[in-house]
Amino acid sequence: MEEKDEPGQMSKREQQEIEQALNKSLSEDLVKFLEKIRDTGLDPLGFGLRFYGTHWNNRTEEEQWKEIYPRIRFEVKVNTSVKSTGYNR
């Protein structure tokens, strides 16, 4: 496989536009996924364990977590990089 700079290939600008669109789409999808999990009341990713680990000496930590978790807002940043746009034989 070899990289070629032919007219039919994607330009660097087009590649960056695709990366930005992919970053945005994945970020939005991941936030929706995390919110869906949160809305079920489940915590399969262990956010509560992290909370308990930093509030280990507090008797009311479980009550606090039950109040906090339903209101958590997620911020996801995705950074993709297109390494290759295909190959020619």
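What you are looking at is a predicted structure, and each value in this text was computed from that prediction instead of being measured.
- Take Asp43 and apply the side chain to side chain donor-acceptor pair (under 3.5 Å) test, not counting sequence neighbours, and it matches no residue.
- Taking the side-chain contact (heavy atoms from CB on, under 4.5 Å) definition, one finds that Asp29 meets it with Ser25, sequence neighbours left out.
- Glu17 meets the salt bridge (charged side-chain N to carboxylate O under 4.0 Å, His left out) test with Arg13; sequence neighbours excluded.
- Linking Ile, Leu, Val, Met, Phe, Trp and Tyr whenever their side-chain heavy atoms come within less than 4.5 Å leaves Leu22 and Val82 in two separate clusters.
- The 12-atom threshold is not exceeded at CD of Glu62, counting heavy atoms of other residues, nucleotides or ligands nearer than 6.0 Å.
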Hey, can you pull the donor-acceptor pairs under 3.5 Å for the side chains in residues 66-73, sequence neighbours left out?
| unit_1 | atom_1 | unit_2 | atom_2 | d |
| --- | --- | --- | --- | --- |
| Tyr69 | OH | Leu42 | O | 2.7 |
| Arg71 | NE | Glu67 | O | 3.0 |
| Arg71 | NH2 | Glu67 | O | 3.2 |

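- In terms of heavy-atom proximity, Glu61 sits nearest to Phe51 at O-CE2, 3.4 Å.
- Contacts of Gln20 classified as side chain to side chain donor-acceptor pair (under 3.5 Å), with partners at least two apart in sequence or in another chain: none.
- In this structure Lys36 satisfies the side-chain contact (heavy atoms from CB on, under 4.5 Å) test with no other residue, sequence neighbours excluded.
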Should Val31 and Glu35 be marked as a side chain to side chain contact (heavy atoms under 4.5 Å, CB included) after you check the CA-CA gap, both sets of side-chain angles, and the distance that decides it? CA-CA 6 Å; Val31 167; Glu35 288 171 345; 3.5 Å; yes
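- Results of the side chain to side chain contact (heavy atoms under 4.5 Å, CB included) test with Asn23 over Ile18, Val76, Thr80 single out Thr80 as the only residue that passes.
- Under the rule for a side chain to side chain donor-acceptor pair (under 3.5 Å), the partners of Thr60 that lie at least two apart in sequence or sit in another chain are Asn58.
- Ser27 is linked by a side chain to side chain donor-acceptor pair (under 3.5 Å) to nothing, counting only residues two or more places apart in sequence or in another chain.
- Applying the ring-ring contact (aromatic ring centres under 6.0 Å, His included) test to residues at least two apart or on different chains, the pairs with a partner in residues 17-50 are Phe47-Phe74.
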